[in-house]
Amino acid sequence: MIYAVIDTNVLVSALLTHNLGVATAKVLDSIAKGDITCVYNEDILMEYREVLHRPKFKFPERKIDLLLTFITQKGIHSDRVPFDGNMPDEKDRPFYEVSLSLEDSFLVTGNLKHFPVTPKVVTPSQFIAIIEGR
């Protein structure tokens with residue numbers, strides 16, 4: 001099983017695209033197939049809800065509900081592991097700290113510069129390569 005904290009920007013990108021071949025769409029598809037187990041906590045779910053409900057995206061309520069229900073039912077709720085290092089964007093701290101809760105988990109993001117540089121933090125393309133390589 002592959003565990004991953006999925007940054008909100010990956011979900012937004014996946015839901016916006018019409019190209020199922022792009023990495024973000026492949027990440028979402030892998031979640032739906034059960035190839036990836038999402039790791040989350042309440043801070044992450046709160047951000048997902050807030051961002052996905054923004055009027056500019058016009059995501060159908062049902063689609064948002066299905067996605068969040070799937071993540072909570074099939075994923076793993078985890079506590080944050082405190083990280084005392086600097087974060088370029090403090091709003092991203094919960095994502096990184098939850099990713100630290102499982103030794104073999106990844107943090108998948110389109111904004112690498114927002115997180116410490118570690119092999120644990122990967123782009124959607126890098127993550128798909130990891131999945132396909134296993």
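Counting begins at 1 with the first residue of the sequence. Heavy-atom basis, side chains included; hydrogens, waters and symmetry copies ignored.
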Checklist entry - Minimum heavy-atom separation for Val39 to Leu102, with atom names? => result CG2-CD1, 3.6 Å
Checklist entry - Mind checking whether His114 and Lys91 have side chains closer than 4.5 Å, heavy atoms only? => result no
Checklist entry - Quick one: are Ile44 and Ile71 in side-chain contact, heavy atoms under 4.5 Å? => result no
Checklist entry - Backbone N or O of Val98 within a donor-acceptor pair of the Ser78 side chain at under 3.5 Å? => result no
Item to check | Val81 reachable from Tyr96 in the ILVMFWY side-chain graph, under 4.5 Å edges | outcome: yes
Checklist entry - How about Phe106 and Ile36: do any of their side-chain heavy atoms sit closer than 4.5 Å? => result no
Next on the checklist: Walk me through whether Lys120 and Ser105 qualify under side-chain contact (heavy atoms from CB on, under 4.5 Å).
Outcome noted: CA-CA 7 Å; Lys120 174 186 257 335; Ser105 69; 3.4 Å; yes
Item to check | Asn111 side chain to Lys113 backbone, donor-acceptor under 3.5 Å | outcome: no
Next on the checklist: Do Phe127 and Met1 sit in one hydrophobic cluster, given that two such residues count as connected whenever their side-chain heavy atoms are within less than 4.5 Å of each other, even indirectly?
Outcome noted: yes
Checklist entry - Looking at side-chain heavy atoms only, is the closest gap between Leu67 and Leu28 below 4.5 Å? => result yes
Item to check | Summary of side-chain hydrogen bond (donor to acceptor under 3.5 Å, both in side chains) pairs that have at least one residue in residues 55-69, sequence neighbours excluded | outcome: His53-Glu61
Item to check | Exercise: identify the closest heavy-atom pair between Val10 and Val108 | outcome: CG2-O, 3.5 Å
Checklist entry - So do Glu47 and Phe95 actually touch side chain to side chain, heavy atoms under 4.5 Å? => result yes
Checklist entry - Any donor and acceptor pair, going by atom type alone, linking the side chain of Arg49 with main-chain N or O of Ile64 inside 3.5 Å? => result no
Item to check | side-chain contact (heavy atoms from CB on, under 4.5 Å) assessment of Val12 paired with Arg54 | outcome: CA-CA 11 Å; Val12 169; Arg54 289 181 182 165; over 6 Å; no
Item to check | Minimum heavy-atom distance between Pro116 and Phe83, given as atom pair plus value | outcome: CG-CZ, 3.6 Å
Item to check | Polar side-chain atom of Lys74 near backbone of Thr37 as donor-acceptor pair, under 3.5 Å | outcome: no
Checklist entry - Any chance CG of Asn19 has more than 12 other-residue heavy atoms, nucleotides or ligands included, within less than 6.0 Å? => result yes
Checklist outcome for this item: Tightest non-hydrogen contact, residues Asp7 and Tyr48, listed as C-CE2, 4.5 Å
Checklist entry - Between Glu50 and Thr8, is any pair of side-chain heavy atoms under 4.5 Å apart? => result no
Item to check | Donor-acceptor contact present, side-chain Ser13 to main-chain Asn9, <3.5 Å | outcome: no
Item to check | Nearest-0.5 Å distance, OG1 of residue Thr123 to CD1 of residue Ile128 | outcome: 9.5 Å
Checklist entry - Passes side-chain contact (heavy atoms from CB on, under 4.5 Å), Asp104 versus Tyr3? Steps please. => result CA-CA 7 Å; Asp104 57 349; Tyr3 301 101; 3.7 Å; yes
Checklist entry - At their closest point, which heavy atom of Leu112 faces which heavy atom of Val122, and how far apart are they? => result CD2-C, 3.9 Å
Checklist entry - So which heavy atom on Leu20 is nearest to which on Lys26, and how close? => result O-CG, 4.0 Å
Checklist entry - Between OG of Ser99 and CD1 of Ile6, what distance do you get to the nearest 0.5 Å? => result 11.0 Å
Checklist entry - Do Leu16 and Phe59 have side chains that get closer than 4.5 Å, going by heavy atoms? => result yes
Item to check | side-chain contact (heavy atoms from CB on, under 4.5 Å) between Leu107 and Phe115, intermediate numbers included | outcome: CA-CA 9 Å; Leu107 179 111; Phe115 299 96; 3.7 Å; yes
Checklist entry - Quick one: are Asn41 and Asp79 in side-chain contact, heavy atoms under 4.5 Å? => result no
Checklist outcome for this item: The ring pair (Phe, Tyr, Trp, His ring centres under 6.0 Å) partners of Tyr40 (sequence neighbours excluded) come to His77
Item to check | Distance, nearest 0.5 Å, that separates CG of Leu52 from CG of Leu11 | outcome: 6.0 Å
Checklist entry - When rounded to the nearest 0.5 angstrom, what distance separates CD1 in Ile2 from CD1 in Ile131? => result 5.0 Å
